[in-house]
Structure formats: structure tokens, C-alpha cells
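Small disclaimer: the values here were computed from a predicted structure and weren't measured.
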Amino acid sequence: MVNGDGVHVHKEETEAKQDGNGETDGGEESNEQEVIVIQDTGFTVKIQAPGTEPFDLQVSPQEMVQEIHQVLMDREDTCHRTCFSLQLDGNVLDNFAELKSIEGLQEGSLLKVVEEPYTVREARIHVRHIRDLLKSLDPSDAYNGVDCNSLSFLSIFTDGDLGDSGKRKKKGTELEQIDCTPPEHILPGSKERPLVPLQPQNKDWKPMQCLKVLTMSGWNPPPGNRKMHGDLMYLYIVTVEERHVSVTASTRGFYLNQSTTYTFNPKPANPSFLSHSLVELLSQISPAFKKNFTALQKKRVQRHPFERIATPFQVYSWTAPQVDHAMDCVRAEDAYTSRLGYEEHIPGQTRDWNEELQTTRELPRKNLPERLLRERAIFKVHSDFAAAATRGAMAVIDGNVMAINPGEETRMQMFIWNNIFFSLGFDVRDHYRELGGDAAAHAAPTNDLNGVRAYGAVDVEGLYTLGTVVVDYRGYRVTAQSIIPGILEREQEQSVIYGSIDFGKTVVSHSKYLELLDKTSRPLKVQRHGVLNEKNEMVELCSSVECKGIIGNDGRHYILDLLRTFPPDLNFLLLDGEELPPESQLQGFPHQHRHRLACLRQELIEAFVEHRYLLFMKMAALQLMQQKANKDTKTGVPAISDSSTTTPESNADNAKTQTNASELSRDSTSPTDDNPKSREVVLNACKAVGSISNTSFDIRFNPDIFSPGVRFPEESADEVQKQKQLLKDAAAFLVSCQIPSLVKDCLDHSALPMDGATLTEALHQRGINVRYLGSVLEFVDKTPAKAQLEHFYRIGISELITRSAKHIFKTYLQGVELSALSAAVSHFLNCFLSSFPDAVAHLPPDELVSRRKSRKRRNRVPGGGDNTAWASLTPNELWKNIATEAQSYYHFTMQCESVDQVVEKYGLQKTTLLREISIKTGIQILIKEYNFDSRHKPTFTEEDILNIFPVVKHVNPKASDAFHFFQSGQAKVQQGFLKEGCELINEALNLFNNVYGAMHVEICACLRLLARLNYIMGDHPEALSNQQKAVLMSERVLGIEHPNTIQEYMHLALYCFANGQLSTALKLLYRGRYLMLMVSGEDHPEMALLDSNIGLVLHGVMEYDLSLRFLENALTINTKYHGPRSLKVALSHHLVARVYESKAEFRSALQHEKEGYTIYKNQMGEAHEKTKESSEYLKYLTQQAVALQRTMNEIYKNGSNASIMPLKFTAPSMASVLEQLNIINGIIFIPLSQKDLENLKAEVQRRQQLQELRRREEKNHWSWRTKFPLINFLKKSCPKHSSFLLWGRGGEAVMGQPLH
């Protein structure tokens, strides 16, 4: 329903041919020029429902009739109806018809809502819907992690005073009396980190009770004779007034019958009401129901839609309050009757997941509407599949699914449930014996998932992968896969027609598979290669040998076992007789790893190829220059040293060689070219960088190199040698380029991890696997600027510790049986976090332990032994194990024997460690204040462990067109075309909504950027509305204390302040600061920004002392992380000086402003306007100080009858505070002169010509990806104003170097 403004039609379809990549040729630049989108013109219809006034509804021609049904089921006055049809002039409309296809439906048509007779299915849907309405404000589903509900707390801090739905509109910026004092625990320097404020109490959640009980009656199902009277089912209800009633659901509606708990009497009760809706019936028999239900629906529709819409994937909360367990018929029915028959009301029992996943891939994709429809279908099926697979995996581990091989040992069992195949992450049948046994079997599913993701993204027509979800739950890893039709009926040997089932001993190939995989080889950088089979014949492959090709009974070509899609990581592979490059050896590589499946990440492969490409261009250009210089003498080839010769720094001189390179690219690859000289240049450069082609740059990897058991033919020995070298170079590139560049990005704050998840993301974006965490930390430790990386080091240590603890927890949990689960988890957490030295486990009390235990153990949960070995764990032993794990897995030495030593040595926080371990393992704990430091009693009891959730990994299908629009919009904004940028981003938002529905991480980024643009263009209310959506969405989709959510809170506070909602702005900033303290503590560069914001707002409301506390803290942090000479520090000094000025403490003000002035003078020079401003301000302060001193002297001299000049004490104006807020948040408005604009336009045209050139070259197999820095041009063209709009970081376009 959210995409009311519908799917978009093109006037001019983009005639883009699909290449093998599945992306349109020409990329995003062409997109925005060719696509002319016309918005659907919506129209209004009148709706007449029984018992209500007709009302108008805005609809779009693309909508289905079904969507109007949904709207009516959500509206306050019609929400209690579910079983009705819509009629136009007496004709029933088809639910699945599009509105534009209905004859006679036009502006102003009257649609009648007509009640239809019930069936058992419709009656169940009705009861379910009523139950959903009664529970609509109840957060328990979000706490329990079901039905894609999740938490959001924004409305508590805004009191609903944002935007149009605001309760109170405020005009102007008059200072109302607001209480600005922050809670004690968020003041700078506070050491306590309470947990309870994480989930503030929402008064709306105090449930308004409408009914005491609504449940299925024990008299169900109706006997035959009653069925023939139209009885469908019976309900048992207890009203708030304690009236017990029995209700019949019949084909005509609902009525009271005369049955009681023990006697069955289906006759209608007296007086007999027959109501088509259960709500109407209950409103007649219970006044309290009528009153409370109406109030509840009022509240429900007042909530922001984003607080209610389901998220696409389930988000789990690691804390929850104690929720009362209420009776709930639907939940009970779901739990005890298999929900399979009910799966999304789909006719025919279970869903054929494989068929759905593959059919959506086959949908046409020639033009935008088709692609949108296809991507929407793919996304929907994926999110449904992930949800079903997660439910199934939990059922398997909880022991509720029968194995298909029940006779085998539990760890070898396999399961099928709901058309999904489940297997456990253990090495059964010694399949992985040579690769590392169970450790390899545990790593293989995630590698396989990465492979599925990669092939899915390339999206080649005719090549199919399996739906794959990896679930970690209660210490077990479960892989869920869709089932290839017919695979269960035949032996694996006869099904596999491509690849190998025994790691390369026997290998087969197939021409169709080679043709399909060849299309993926370019984007995935996989080299086509030959291997020997058992008869020593050469077999050609275009993937690793493990990749199997199976043609299903449906005739589709499936590939599975993609665990070696990407080449091996030689830094973690000990090989006899192979030497790694010196860069790797210096860092102590190769390391012994648990298994031999360690692969390089796709991001690394791409970065490495790009790096090699620059090298290639450089070398070719150098040779061309040499040739020009001495045409007569032949020049030698400059030999390429190893990959690490160009560190990120040396890329600066690429610019000179780039121009020659582009000449070369025109010369060298065109087939008509007969210039032997330049051909030789290209040949030499290709050889040097390890390209597989001699005429153009093309690097690919052979994934089978170093696979045990794979043999290569003699004739390819040279090639294999080259490939080995390439792999060594890639491994060295990771160590010598990628890790330093990550650290450099952290130093200049372009990467700002705040917690484990964002740190992992930062590593992954640069292609660094988490197993390198120890090496990264060692590198930071040796960096001269280590003090400025303290935050990064701390987050890294905490991540390393919690991951090591997670590895131990996994095996620990496997030995625990279900009845002791909460005791075992609380005992583990005590050993991990509590200062109590002898944590003792609580075993279940004896009277519950059955005496007859040793009989049937076979169909128990996998590995569920009777062992209580877990109870013997001690804190000392656990920390020894963590240190050992850190050493053996991450190769990091940690000399700490207890949690308190770790906290002391590395400056960690126990709440942060608790949050990290809970999120990583799926633990949910009771939200209350825990005493971690007591030496007399353990921190956690078993009552504190509320739940254990699955941790789920799955594929995230992307909305490609929307993403192109989004990128083009960002590019436009970067070039300063705000209006065009805004239009493109709006268009992207529409397309995202079309594909993902209303809730998604990418939509959140889109809304944030839109809000920022609205703000810059002066539309504050619109900025507020978009940013509010971004905050709600971030809370719902990423989590209430995710670092992204913290940043969204900060942006929203700024827009609130600009809108004159000061108290709200403060509440939001305080919330942000609290979350930041929870997640990473006070010592973090981002905290300086938060504190500057808080200090400025407090200054604006004249709370000077409080303001100083925050601003001085920001100054300290900025000085620490940006260095004392940084412009950020100068600005911090200035802000502090302003507050001192307001307090009339001119001496302190002067002192701070002088510091700032010195920095400006040294950094920018005397003539810069910032230095001048600062100098003016210094003069003003000096005058004020002198005036004050005069006045004081006057008073001393003449006593009380002195004639005193009134002193000017100015409260800062809101405008000046807002200006400073904009500056620190990186938003600066600078007017451009006409000349600057013309310069800019000329530059953009030049850029477009270059892009045109680039596109031509791309068709020539040149992956030309040089980035043109805008900044140099801006500095040349607008020397006065070094930029026109400077963005802060927050994932948006970063442009220019922010002045502050």
C-alpha cells in the first residue's frame, strides 16, 4: 500500500541491451538522461461502507483492488471488517484486477463495501485480524522477535510534536520554559552506564484491556448436524466485566450461543444479536470493550506508519523487560497446529520455494517497469524464504522435526521441512577431512553463501543457484537450502554433470555449463582452466572443482557448492615449498589456520584488480614517454616489482601518466591498429601486471590453485606458475596496502567505526577478512599516531575478545540440554563478565531430574548429552581459553586472566562487552541494572536470560535501477546541482519503495540524504519529516542503538532546532549521547560532534554552565583525535570562548579565542577570512574586558553612587547558534558568483566528454575507473570560497575539505 504513487511508466523506454552482467550498458550516467518518468496521475473514488458516511480515497491506476481492501482493514472506522467485497454499480470487483483495467471506474465513482458470507478460512482470518487490532500497541511481538516486528522509541522523545501530526504547533522561537538538565548518567565524565534507559517506558504500551480472554472453544470443530446449520467454529470469550460467553462463528456472522464450559448447547442465546463482525457483537455485550476498543484504534492510527509496518527481515532485541504472558488463541494455534497450511493464505498446502525463487529470476527485464516488477518479486520471495528457513532451522535444533535419516548419529542427520532442506555444520562422512574437519564444515556454508550472493548479483540468464540461508542457533550451524526438483530421487553421482563430488579426484564438464559460467567469469574474475581427471584426461572448467552442476527435473541448470568461488588466501595457508612475498613474511605470515577454506573476499579481488590496472596504465604510459623520447633506441621494459610498490600514497603521481595512458588506450586495443610499437608496450605491461590476455588488461584468478587433490595438465604449467604468483601478490596486497589504507582512513576520520558491527563492515569494505583483526591491531599498535587511533584499537580489542568468547560459547552450548539452557547461559555470562571470582552454576533442582535417563537417546536434539560439563566452567578457565583462542585464531597475544584486567588494560566497558556478546550469540537478557563489579555475588541469575535467538545470514537482493538513480543523485549534488539531485533522489526513493516496500536500510539512506537536501534548500519542515522517517526506519531495521541510528538522531536534532523545537532537539541529542555511551563509551571522535551540538543548543537556551561542560569535553576529544593544531580544535576553542563571553568571563574567553586565532593564522595564513574573523572577535572581547574593568574600578572608587555605563550582555541569537550548528555538522552555505558558476558548468561539460570517452573505452575491455577529484578543480576555479557546499560524513557525498 505504501507505493500509492505507484509504478512508473516511461515515455521513452531505455533501449538498453542486457550484457552478461545483467546491468544496462552505459551505467548510471545514461540512466538519468534517457529515463523520463511520468508520475501516475492518481484519482479519487468514494467508498460507502455499511453504517458509516461515504468517504473519499485517493488511488492510483496501478493499484490492485486488493490494496483498497488493505486500506479499509487499516482505517479506524472500517478496520473491524475483513470479509467483504467491493462493488461498482452492483458488479463485484476482482481482488487481483488493476484499477485501470476496470470498466467504468473513474474520478468520483462510488464503491460499495458489501458484507460476504464467511467460510472457515474467512472466519479464522477475521479472528486473527481482530486479535492483531487488539494487540496493535503491544510490543511483545517485537520483544519475542516474531512476525517482523521490531522496536522504536523515537516517539517518546518527540512527544509527537514533529511535523503535521504534532499535538502543539509552536510559532517563532520564543524560549518556553524548558527543563534542560540532562540525566546524571549522560553528563561528561560520568562513569555509570545504566541499562534501563535503553528502553524508556512508553505510556501507550500500558495496555488498555478490551477483553480478558479470546480463545478457541473446546467444542470445536462443530459436529455434522451443526455444520449443516452453518456453524463454522466456536469461540470462548471472557469480557472485562467477567462475563463468560460462548460465540458461534457462522456463515452469516457471529452470535452468542448457550454453551458453557461443560455443556454444549449451540442454540442462540437470548437476546440474539447476529453481527457480521465480532467487534460489533462484543461492543453490544461489553461496554468496557466498546469504550476501550475505540480508544485503542484512535491511538493505533495516530502512530507513525513506520512504527507499525513489518520489516523485511526479522530484527531481534538483545534486551527486553519482563512481559506478562497473556492468553492468545492465535499464537497457541500457530504453535500447535503446523503453520504450514496457513503459510500466507496460499492455496495448495506448502510453498514450493525452489520454484518461486527460480521463477522470479526468469521474469522479463527489458525495461524499467519489468525490472521493477522482477526485483520486487525476487526481494519478496527472498525475505519470505529467509523467514521460513529461520523458523525451520530453529525447529530442527529444538528437536521438533523428524530427520530423513533417523537411523544415523544425530550430527549426521538431515531434515526436510516446508520444502526446505536442512543440514548441520559438522563434517559428516569425513567429507572435509583434508580441509580441516569440523572447522572446515563450519566455514563452508558461509563461503557457499558468499558464492551464491556473488553469482546472484551477476544474474546470468539460464544459470540458477539455490536459495540459501545460514542460521546459527544454540551453538549449532544449520544450512537451509531450497531443493532442486528430482535430486532426492537419484544418487548424487548420476546427477552431477559438471564439477566434482570428491574434491577433484573425478571431474566432469559440460558444454552448456561452460557457456553459462563463461558469462560470469569476467565480473567474478574467474579464469577458465583445465584440470586432470582420474584417467589423466584434461577437463575444462570455469569455476572451482567443488562447484557442481546439476540439471533438475525442471530442466534448469543449477550450480551448488560455491564455497571456492573466490581464490584461496595464502596468508592463512601453509604450503610446502612456496615462499610468500616479503611484505607478508614481515608480518609473520603465513599463519596456520583452523581449516584450508580461507578465501579472499570479493571486495579484495576488485581492489587488487583496480590497483593493478593503475599500475598497468602507469607502466604503459612510462614506456610510451620513453619511446617518444628516444624513438631510435629500443627501450627495455621496466620490471614490475611486487604489488605493494604503489602504496596508496604513491597514487598521487598517477595523474601525469593518466593522459598518456588514455592515448595509449585509444591506440592499443583497437584491432585496426598496426602500430607494432604500442602493441609491444601493451604486451610488456600486460606481462608485468599478470594479465591473462596479451592485448588488453584482464586479470582473473584460477580458484583451484593450491586445492589439495586437484592436478593440472603439463602444458599449463607456465600459466599455473603465473596464477600462483598472482595469488601471492594479492595476499601481499591485502597486508601492505589494504590494512594501511584502513588505518589511514581511520586517522583522517573518513572511516569511523563505533562498534563491532561497523568495524567489521569497515574491514569488509576494504576486502579484509575478520581473521586479520589481530594483524590490524598490531599494525595500529606500531603506528606513530597510535594515540589518535585509541577508539579504533579499543573497538578492535573488544571485537576480538567477544568473537573469541563466541567461538567458545558455541561448543559450550552444544553440550547443554534444553532444560538447563538459561542456567548455562547465565553461568557463561557470569564467568565472562562478572568480577565474582567463583561463579557457581545452578543445576536444575533434583526433583526435576528424572531417574530413568539412559534409555532412548537417539532422537534427541543434536548432541544433547546428559552432560553437565558446562557447570564446571570457571571465570579463570574461560579467560585462559579466550586468550588461547585470540592467540590461535587471530594470532594476537593478550596477557589478561580476568575480565577486570582486560577492562583495566584496554579501557573497555562491561556493558559494551555484554551488548557485543549478546548480539553475536543471539542472547536476550532482562533489562535491569546489573552489578558487574560485586565480588560477593554473581551478576546474572538464570531468571535474567529471557531468550536465545537465531543469528541469520542470507542474501540481500538489490534494487539496481533505484540504486543507479541514487548514485546519479549523489553525483549531481556533489556537482552542486541541488535541485536536479533532489529530483533524482526522490525518484530513487520511489523506485526503492517499489522494490523493497516501505522499510529498508537503503531507503533509510535515501531519506537521510533527502532530508539534508531539503534542509540546505531551506525547506525545514520537509527536512524534519524525512529525517523523522529515517530515524524510525533506522531504529526498526538496524536496531535502536545501532551506530547509524545514533547519527540519525543527531541529524534530526539539528532540524528540530532549526524548526524552533528546542526542547525536542535537546532530548534527541541526550538520547544520542546515552546510546553512544552504551555502544562505545565517551572516548570517541564522534562524541566531540555530539557534545558540540549539545553545548551549542544549551548555549542557545542560556544554560551556560552546562553548555561549558559539554563544549570543553568536545574540545578535549577533538584535541586528542585531530591533534592540537587542527581546524576542528580552533572551532572548538571559538565555541567555548563564545560561552565565556555570554557569562562575561572575558579573560577565559580571550584565552580560548587566542588559541583558535593562532591555529587559524598558522594553518590558513594572515589573509584568510577565518583568521580575520577571529582577530576581529579578539578585538571585540578585549574592548568588552576593558569596559568591564573600567566599570569595576568606577565602583571601587565611588562606591554605590557611581555612574555606571550599562554593559551589553547578549544572549546569543538563535540564528547565530544555528549557523554554528550548521558549521560543526558540515553544512556550509556559500554563495557562488556568476563567474564561479560558469567555471563550474565548463568543468561539468568537460567531465561529461571524459565520461563519453570512458564509455567507449569500456567497450574495449578497459576497466577504466579513475576517480576525478573535484576538489582540485574547485580550488582552481573558486579560490575565494574553497567550496560551495560542504557535507559532513554520514555516508553522503563528501565534497571539498570541510573547513572545520
Side-chain angles (χ1 to χ4, degrees), residues 436 439-440 442-443 446-447 450 566-575 580-608 611 642-644 647-648 706 727-747 751 753 755-783 786 789 792-807 882-894 906 916 920:
H442 189 265
T446 45
N447 276 7
N450 288 335
F566 299 109
D569 179 355
L570 300 194
N571 287 331
F572 284 88
L573 201 56
L574 291 179
L575 297 162
L580 282 183
E583 295 83 358
S584 291
Q585 290 188 11
L586 277 173
Q587 307 271 350
F589 292 108
H591 285 317
Q592 174 81 50
H593 199 51
R594 304 255 152 103
H595 54 78
R596 300 179 65 91
L597 291 179
C599 292
L600 297 171
R601 293 185 63 87
Q602 187 172 12
E603 297 92 334
L604 184 90
I605 300 296
E606 291 186 345
F608 176 70
H611 169 86
D642 163 82
S643 66
S644 54
T647 51
F706 298 125
L727 282 181
K728 290 175 186 174
D729 291 350
F733 170 74
L734 194 157
V735 178
S736 62
C737 280
Q738 295 305 85
I739 293 181
S741 94
L742 167 73
V743 173
K744 184 174 164 296
D745 287 348
C746 289
L747 265 176
D755 68 341
T758 42
L759 172 71
T760 308
E761 203 179 305
L763 288 166
H764 285 171
Q765 276 169 359
R766 290 158 185 80
I768 305 168
N769 311 67
V770 176
R771 60 174 171 270
Y772 282 95
L773 190 52
S775 314
V776 173
L777 290 175
E778 272 176 23
F779 185 86
V780 170
D781 209 16
K782 294 179 189 141
T783 308
K786 187 191 168 188
L789 288 165
F792 179 80
Y793 193 73
R794 200 175 46 246
I795 294 165
I797 291 281
S798 133
E799 182 71 352
L800 193 140
I801 290 172
T802 42
R803 278 178 183 261
S804 301
K806 179 185 78 173
H807 297 170
I882 288 176
T884 315
E885 181 70 11
Q887 183 60 55
S888 71
Y889 194 90
Y890 296 107
H891 306 279
F892 184 81
T893 315
M894 214 176 67
Y906 298 112
E916 293 285 355
K920 285 180 180 52

Exercise for the section: Please report the shortest heavy-atom distance between Glu885 and His807, naming the atom on each side. Expected result: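 Taking Glu885 first and His807 second, the nearest heavy atoms are OE2-ND1, 2.6 Å.
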Check: [Y] and [X] side chains under 4.5 Å, non-hydrogen atoms:
| X | Y | answer |
| --- | --- | --- |
| Val770 | His764 | yes |
| Ile605 | Pro567 | yes |
| Glu799 | Thr760 | yes |

Are the side chain of [X] and the backbone N or O of [Y] linked by a donor-acceptor pair below 3.5 Å?
| X | Y | answer |
| --- | --- | --- |
| Asn769 | Arg771 | no |
| Asn447 | Cys599 | no |
| Glu603 | Gln765 | no |

Problem - Sub-6.0 Å ring centroid separation between Phe779 and Tyr772 - result: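 No, ring centres 6.0 Å or more apart.
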Problem - Parallel, tilted or perpendicular: ring planes of His595 versus His593, cut at 30 and 60 degrees - result: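 His595 and His593: perpendicular rings.
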Exercise for the section: Measure the NZ-OG1 distance between Lys744 and Thr783 for me, rounded to the nearest 0.5 Å. Expected result: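 Rounded to the nearest 0.5 Å, the NZ-OG1 separation comes out at 13.0 Å.
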Exercise for the section: Just jot down the salt bridge (charged side-chain N to carboxylate O under 4.0 Å, His left out) partners of Glu916, sequence neighbours excluded, or say none. Expected result: Lys920
Exercise for the section: Apply salt bridge (charged side-chain N to carboxylate O under 4.0 Å, His left out) to Glu761 and list each qualifying residue two or more places apart in sequence or on a separate chain. Expected result: none
